[in-house]
Amino acid sequence: MKIILGVSGGIAAYKAAELARLLMQQGHEVQAVMTDAAREFVQPLTFSALTGRKTLTNMFEVEHAIGHISVAQESDVLVIAPATADLMAKLAHGLAGDFLSTIYLAFTGPVVLAPAMNVNMWNHPATQANLETLRRRGHHIVEPESGYLACGMTGPGRLANPETIAAAVARAGAKRTDLEGETVLITAGPTQEPLDPVRYISNRSSGKMGYALAEAAVSRGARVILISGPVSIPAPRGVELVPVQTAVEMRDKVFENLEPAGIVIKAAAVADFHLSKVPDQKVKKTAARITLEFDPTPDILAELGRQKGDRLLIGFAAETQNLEREARRKLETKNCDMIVGNLVGGDLGFGSEDNEVALALRTGEVISLPRASKREIADRIFDEALKLRFALQAAHGR
Ligand code: CTP
């Protein structure tokens with residue numbers, strides 16, 4: 001692969017030399033790009049010697065005026081290690097005042113960021129907000145490690161080791177097209193069930209897992225129809241978004257869009273109960289106590305299970321206990337091919353960036369996926385789904 005290695009100015013800049021050596025050893029072509037601040041820590045010559053190419057530093061030094069564009073266009077992956085708080089802020093906001101941030105804007109391929117900084121800078125809401133923006137943009141973040149930092153403090157902020165960063169680069173660069181020609185229908189987010197014209201009941205679903213699945217499917221070449229309850233995150237680029245509010249609306253949109261779908265994933269946290277007759281007017285505070293009677297909503301997944309045909313049907317089970325047993329039960333009762341079970345209630349699940357799930361498969365197998373970002377979990381779910389479809393087709397002699 002052709003890799004751009006961006007180095008920004010932190011004490012960990014010297015470790016980027018080890019990363020450059022490792023990437024070269026793995027047979028990649030590496031073009032180092034350093035910010036001015038990085039050059040205060042390490043000499044460009046170090047990288048030039050390791051990569052066999054002149055290290056790019058100053059935007060106005062490059063032979064061609066459009067140097068940044070050609071470097072960006074010719075490369076497969078951009079990795080920035082260390083990524084300082086300052087550089088991440090620039091990237092998050094699209095500032096392009098130096099060579100590295102200019103290349104970043106001109107580059108359209110996968111981006112890997114390995115942050116390193118003082119623990120307080122890392123924990124600062126500004127840094128965390130920028131990180132969130134970059135993560136949502138689909139960039140691969142190699143989390144800093146916890147430990148003793150150069151500033152004398154202890155905590156997260158130390159650059160991940162070069163092997164970990166090189167592995168993330170390899171994963172990011174592996175272009176996958178195994179969902180090309182496929183239509184994937186995904187539901188995500190909570191539903192909101194009105195109580196009157198101004199009130200509703202809902203749940204804590206953030207939509208992040210379903211949106212990560214949508215993003216993964218698009219990047220692997222699928223057409224993606226994303227039917228989503230109200231969430232506060234933007235739809236990934238390239239998906240067809242169908243916004244809905246209630247369980248009944250979600251059901252109607254799912255069946256309207258079902259026909260072309262070969263894979264259906266129900267990641268939405270659908271309300272189980274609603275008021276079947278919503279009052280026309282706001283309920284007034286006249287009584288000392290009120291009692292509401294709820295009726296069940298349609299179970300969309302169970303209905304899909306009854307008419308799925310050849311489609312691969314994947315449901316979710318968010319549980320607070322007995323994860324595996326509940327996942328298996330839902331697999332059977334809703335006639336699914338896979339149930340993605342996750343424990344909610346701790347620091348994982350609703351709203352969190354990471355997830356840890358168990359996949360219960362129609363074949364009887366249960367696969368545990370260790371804690372990882374929701375985006376990585378999403379890719380693992382598709383890996384297993386495609387293997388499962390192959391196994392099921394083989395079993396049916398097709
Ligand atoms: N689901 C659905 N329609 C509903 C309720 C749930 O399609 N009305 C789907 C969810 O999208 C999810 C799966 O069913 O994929 C499991 O949802 P969950 O709330 O965990 O299960 P329930 O069927 O509600 O079972 P229980 O309340 O016993 O946990």
Side-chain angles (χ1 to χ4, degrees), residues 184-194 200-214 217 224-231 242-258 261 263-276 294-308 311-346 348-351 355-362 366 369 374 377-378 381-382 384-385 388:
V184 181
L185 176 67
I186 299 174
T187 70
T191 64
Q192 288 178 352
E193 308 300 332
Y200 61 81
I201 53 165
S202 189
N203 59 63
R204 295 184 194 280
S205 170
S206 65
K208 284 180 184 167
M209 191 63 236
Y211 278 52
L213 283 159
V224 177
I225 305 169
L226 176 62
I227 301 178
S228 175
V231 294
V242 182
V244 297
Q245 189 192 2
T246 65
V248 170
E249 279 169 27
M250 184 172 277
R251 183 212 161 273
D252 292 349
K253 292 295 174 193
V254 164
F255 286 95
E256 259 173 47
N257 287 283
L258 182 61
I263 300 178
V264 180
I265 309 183
K266 283 245 50 200
V270 185
D272 288 330
F273 293 95
H274 65 168
L275 291 188
S276 47
F294 291 96
D295 293 306
T297 55
D299 190 325
I300 309 168
L301 186 58
E303 201 173 334
L304 281 165
R306 288 191 289 274
Q307 42 183 293
K308 68 194 260 318
R311 294 179 184 85
L312 202 66
L313 182 58
I314 303 176
F316 270 68
E319 307 294 341
T320 52
Q321 56 181 351
N322 303 330
L323 179 61
E324 211 178 300
R325 198 180 69 202
E326 282 303 297
R328 294 199 151 285
R329 182 178 68 80
K330 287 175 189 177
L331 185 88
E332 295 295 327
T333 56
K334 303 195 188 197
N335 191 29
C336 294
D337 299 298
M338 181 194 292
I339 289 280
V340 182
N342 67 322
L343 276 179
V344 290
L348 287 178
F350 289 158
N355 214 348
E356 185 180 324
V357 301
L359 310 180
L361 309 184
R362 182 183 277 282
V366 176
L369 303 183
K374 286 185 172 172
I377 296 278
I381 290 172
F382 282 115
E384 295 303 332
L388 176 65

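As the structure lists them, so they are numbered: ligands from 1, and atoms in each ligand from 1.
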Nearest protein heavy atom with distance in Å, relative to [atom]:
atom: atom 29 (O) of ligand 1; result: K330 NZ, 2.8 Å
atom: atom 12 (C) of ligand 1; result: F316 O, 3.1 Å
atom: atom 7 (O) of ligand 1; result: L301 N, 2.8 Å

For the [atom1] atom on [X], are there more than 12 heavy atoms of other groups (residues, nucleotides or ligands in this structure) within a distance under 6.0 Å?
X: E326; atom1: CD; answer: yes
X: K253; atom1: NZ; answer: no
X: F382; atom1: CZ; answer: yes

If hydrogens are left out, which of L313, N342, V344, V270 has an atom nearest to atom 4 (C) of ligand 1, that is, the closest non-hydrogen atom? V270

Which residues pass the salt bridge (charged side-chain N to carboxylate O under 4.0 Å, His left out) test with R328, sequence neighbours left out? none

Taking all non-hydrogen atoms of both residues, which atom of A267 and which atom of G210 are closest, and how far apart? CB-CA, 3.9 Å

Answer with yes or no whether [X] contacts ligand 1, where contact means a heavy atom under 4.0 Å from a ligand atom.
X: K334; value: yes
X: P296; value: no
X: A247; value: no
X: A271; value: yes
X: R329; value: yes

Sub-3.5 Å donor-acceptor pair from the side chain of T191 to the main-chain atoms of V270, do we have one? no

side-chain contact (heavy atoms from CB on, under 4.5 Å) evaluation trace for L185 with L258: CA-CA 7 Å; L185 176 67; L258 182 61; 4.2 Å; yes

So among Q307, R306, R362, K330, which one has a side chain to side chain donor-acceptor pair (under 3.5 Å) with N335? R362

Which of the atoms of ligand 1 are close to [X], meaning less than 4.0 Å from one of its heavy atoms?
X: T297; value: 8 (N)
X: A268; value: 10 (C), 11 (O)
X: D272; value: 5 (C), 24 (O), 27 (O)
X: A318; value: 20 (O)

Given side-chain contact (heavy atoms from CB on, under 4.5 Å), test V264 with T187 step by step and report yes or no. CA-CA 8 Å; V264 180; T187 70; over 6 Å; no

Identified side chain to side chain contact (heavy atoms under 4.5 Å, CB included) partner of I314 from the options I186, V340, I339: V340

Short N or O distance, [X] and ligand 1, threshold 3.5 Å exclusive:
X: I300; answer: yes
X: K266; answer: yes
X: A317; answer: no
X: G315; answer: no
X: P298; answer: yes

List the steps and the verdict of side-chain contact (heavy atoms from CB on, under 4.5 Å) for D295 and F273. CA-CA 5 Å; D295 293 306; F273 293 95; 5.9 Å; no

